[in-house]
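Just dropping this structure here.
Values in this document were obtained by computation on a predicted structure and should not be read as measured data.
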Amino acid sequence: MPAVSTSADERALLEAARRGDEAAFGRLIEARRAELHAHCYRMLGSIHDADDALQDTMLRAWRGLPRFEGRSSLRSWLYAIATNTCLDVIARRPPRVLPIDLAPAADPHEGPGEPVTESVWIEPYPDEVIGVEDGFAAPEARYEQRESVELAFVAALQHLPANQRAVLILREVLGFSARETSEMLSTSVASVNSALQRARKSVEARTGEQSQQATLRALGDERLRELVDSYVTAWQRDDVETVVEMLAADATFAMPPLGTWFGGRDDIAVFLAGSPMSGQWRWRALPVRANGQQALAFYAWNDEANAYRRFALNVLTLRGDEIRDVTAFIARTPPAPDREVVARMPEHPADPERMDAAFDRFRLPERLD
């Protein structure tokens, strides 16, 4: 098989890297760092796991560079390493999920439940900060790049067996051929095609509705701003009625790391009125994008700090101009697993890892005056 043609600059960097030039290797992969990080996130559902997997990928690539003969493109070679690195991670730990995947909706009269302390939750993804591009990664891709980091899509991926997850991402998100994918995963083309059929069916069953990218385009920037402004204003006024009116009839409200979630307008209204919008706390929110979706960084007033402190990143999933799901990634940890203590989470200490995932990675301010 003839070597894949590359630019003169890339060939020169490859040769320098093979001779041990780390700077050349860094330049060679820098342009692909963002897309490889997003790939690891799709596979693993966690920005922290993606960080570790990307670091391991770069180390494996550096060590394996002398054996790279150019029979495939540098891009596909790097994706093969990244995919197999993620498969190793998946084999060692349970899949990441969202609260709605773990248990049925809770009784809102009992308030928020206890947090799940293990690292089981999908984490939000700062796609704009990382540099995930719009559009498709390749002409053969089926999903847009930002669509493929949407919460529902990433959550659906985590339910797939590892090989199906890898095949669907490589084929449908990145646009690699069945032959290329089979070579990356050391399997047959027939196995790749079979895995893809099963993965498609499972993901479509769990996502189903219009993507958030299509929804946001149809809604338009002006209407989206109106919705966000109305939602934020209602929260600041503890106007439960207005917030609930903006929800879809079958809306959900989840708050990882808490295992409980609430479903339907009536139950969400009971929860909101009895806890976050009861008047005990004052809120401010900053619009941001997360997972290719509209999100809001919520800050709670703290008398001691005389400022609003970071509390949760709320990722909104829209259906037309209604809010279908709210996933509030809470960045604080209660000192005791007690419902009454948990109910006062805005007053509790920050959890460093969750604060990093929900605020620091989005380059959000530490406080609002």
Side-chain angles (χ1 to χ4, degrees), residues 45-47 96-125 151-152 154-155 231-232 234-235 238 240 243-244 246-248 250-278 280-281 283-285 288 290-291 293-300 309-317 323-351 353-359 362 364:
S46 160
I47 190 168
R96 299 269 182 162
V97 295
L98 292 173
I100 60 174
D101 299 317
L102 270 190
D107 183 345
H109 298 90
E110 296 180 0
E114 299 175 5
V116 177
T117 55
E118 295 85 0
S119 297
V120 300
W121 304 121
I122 289 172
E123 294 175 337
Y125 195 67
L151 272 183
V154 173
Y231 187 77
V232 170
W235 267 88
D238 291 323
V240 175
V243 168
V244 171
M246 299 181 70
L247 303 178
D250 58 347
T252 67
F253 198 107
M255 301 156 288
L258 306 184
T260 51
W261 61 278
F262 306 104
R265 287 184 184 137
D266 291 344
D267 281 4
I268 293 173
V270 171
F271 164 68
L272 293 177
S275 189
M277 301 181 73
S278 64
Q280 295 182 73
W281 299 287
W283 302 101
R284 290 292 182 272
V288 65
N291 294 82
Q293 301 176 218
Q294 181 63 55
L296 292 163
F298 270 80
Y299 291 70
R309 298 194 310 168
R310 300 186 291 186
F311 176 65
L313 180 71
N314 289 20
V315 182
L316 308 182
T317 300
I323 298 171
R324 191 187 74 203
D325 303 302
V326 179
T327 306
F329 294 93
I330 296 174
R332 299 193 172 275
T333 301
D338 177 272
R339 281 184 179 271
E340 291 186 6
V341 174
V342 170
R344 305 194 67 81
M345 282 193 78
E347 302 168 10
H348 298 154
D351 180 286
E353 184 170 302
R354 295 189 187 109
M355 191 65 74
D356 178 63
F359 283 87
F362 292 84
L364 290 162

Between Ala290 and Val315, what is the shortest heavy-atom contact and its length?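 For Ala290 versus Val315, the nearest heavy atoms are CB-CG2, 4.0 Å.
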Which value, rounded to the nearest 0.5 Å, describes the distance between Ile268 atom CD1 and Thr252 atom OG1?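 Here the interatomic distance stands at 6.5 Å.
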For Tyr231 and Phe298, take the angle between the two ring planes, folded into 0 to 90°, and tell me which bin it lands in: parallel under 30, tilted 30 to 60, perpendicular over 60.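 The rings of Tyr231 and Phe298 stand perpendicular, inter-plane angle above 60°.
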Does the side chain of Leu151 come within less than 4.5 Å of Ile122's, by heavy atoms?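 With C-beta onward as the side chain, the pair touches.
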Considering non-hydrogen atoms only, spot the tightest contact between Ala300 and Trp283 and give its length.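 Scanning both residues, the minimum pair turns out to be CB-CZ3, 3.6 Å.
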Could you grab the distance from atom CZ of Phe262 to atom CE of Met255, nearest 0.5 Å is fine?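 Going from the CZ atom of Phe262 to the CE atom of Met255 covers 4.5 Å.
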What heavy-atom pair brings Met355 and Ala350 nearest, and what distance separates the two atoms?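 Reported closest heavy-atom pair: CE-CB, 3.3 Å.
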Out of the candidates Val243, Asn314, Leu247, only one should pair with Ile323 under the side chain to side chain contact (heavy atoms under 4.5 Å, CB included) rule; please name it.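 Considering Val243, Asn314, Leu247, a side chain to side chain contact (heavy atoms under 4.5 Å, CB included) with Ile323 is found only for Leu247.
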Do Asp325 and Trp261 have side-chain heavy atoms sitting under 4.5 Å apart?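 No. Closest side-chain heavy atoms not under 4.5 Å.
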Judged by atom type as modelled, is there a donor-acceptor pair below 3.5 Å linking the side chain of Arg332 to the main-chain atoms of Arg310?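 Yes; at least one donor-acceptor contact below 3.5 Å.
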Please give me the minimum heavy-atom distance between Ala358 and Phe329, naming the atom from each residue.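 Answer, listing the atom of Ala358 first, then Phe329: CB-O, 4.0 Å.
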Hey, does Val154 have a side-chain heavy atom less than 4.5 Å from the side chain of Tyr125?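 No, side chains not in contact.
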For the side chain of Trp235 and the backbone of Pro276, is there at least one donor-acceptor N/O pair under 3.5 Å apart?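 Absent.
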Do Leu258 and Pro99 have side chains that approach each other closer than 4.5 Å (heavy atoms only, starting at C-beta)?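 Contact flag for Leu258/Pro99 side chains = no.
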Decide yes or no on side chain to side chain contact (heavy atoms under 4.5 Å, CB included) for Trp121 and Leu98, but give the supporting numbers first. CA-CA 6 Å; Trp121 304 121; Leu98 292 173; 5.5 Å; no
Taking Asn291 for its side chain and Gln293 for its backbone only, find out whether a donor-acceptor pair lies under 3.5 Å.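 Between the backbone of Gln293 and the side chain of Asn291 there is no qualifying donor-acceptor contact (under 3.5 Å).
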Indicate yes or no: at least one non-hydrogen side-chain atom of Thr260 is less than 4.5 angstrom from one of Phe271.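 When only atoms from C-beta onward are counted, Phe271 and Thr260 do not touch, as no gap falls below 4.5 Å.
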Atom pair CG (Asp107) and CG (Asp267), whose distance is rounded to the nearest 0.5 Å: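 Interatomic distance, Asp107 CG to Asp267 CG, rounded to 0.5 Å: 7.0 Å.
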Polar side-chain atom of Glu123 near backbone of Ile47 as donor-acceptor pair, under 3.5 Å: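 Side chain of Glu123 to backbone of Ile47: a pair is present.
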To the nearest 0.5 Å, what is the distance between CZ on Phe253 and CZ on Arg265?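 Those atoms lie 15.5 Å apart.
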Tell me, with the steps shown, if Ile330 and Arg354 meet side chain to side chain contact (heavy atoms under 4.5 Å, CB included). CA-CA 7 Å; Ile330 296 174; Arg354 295 189 187 109; over 6 Å; no
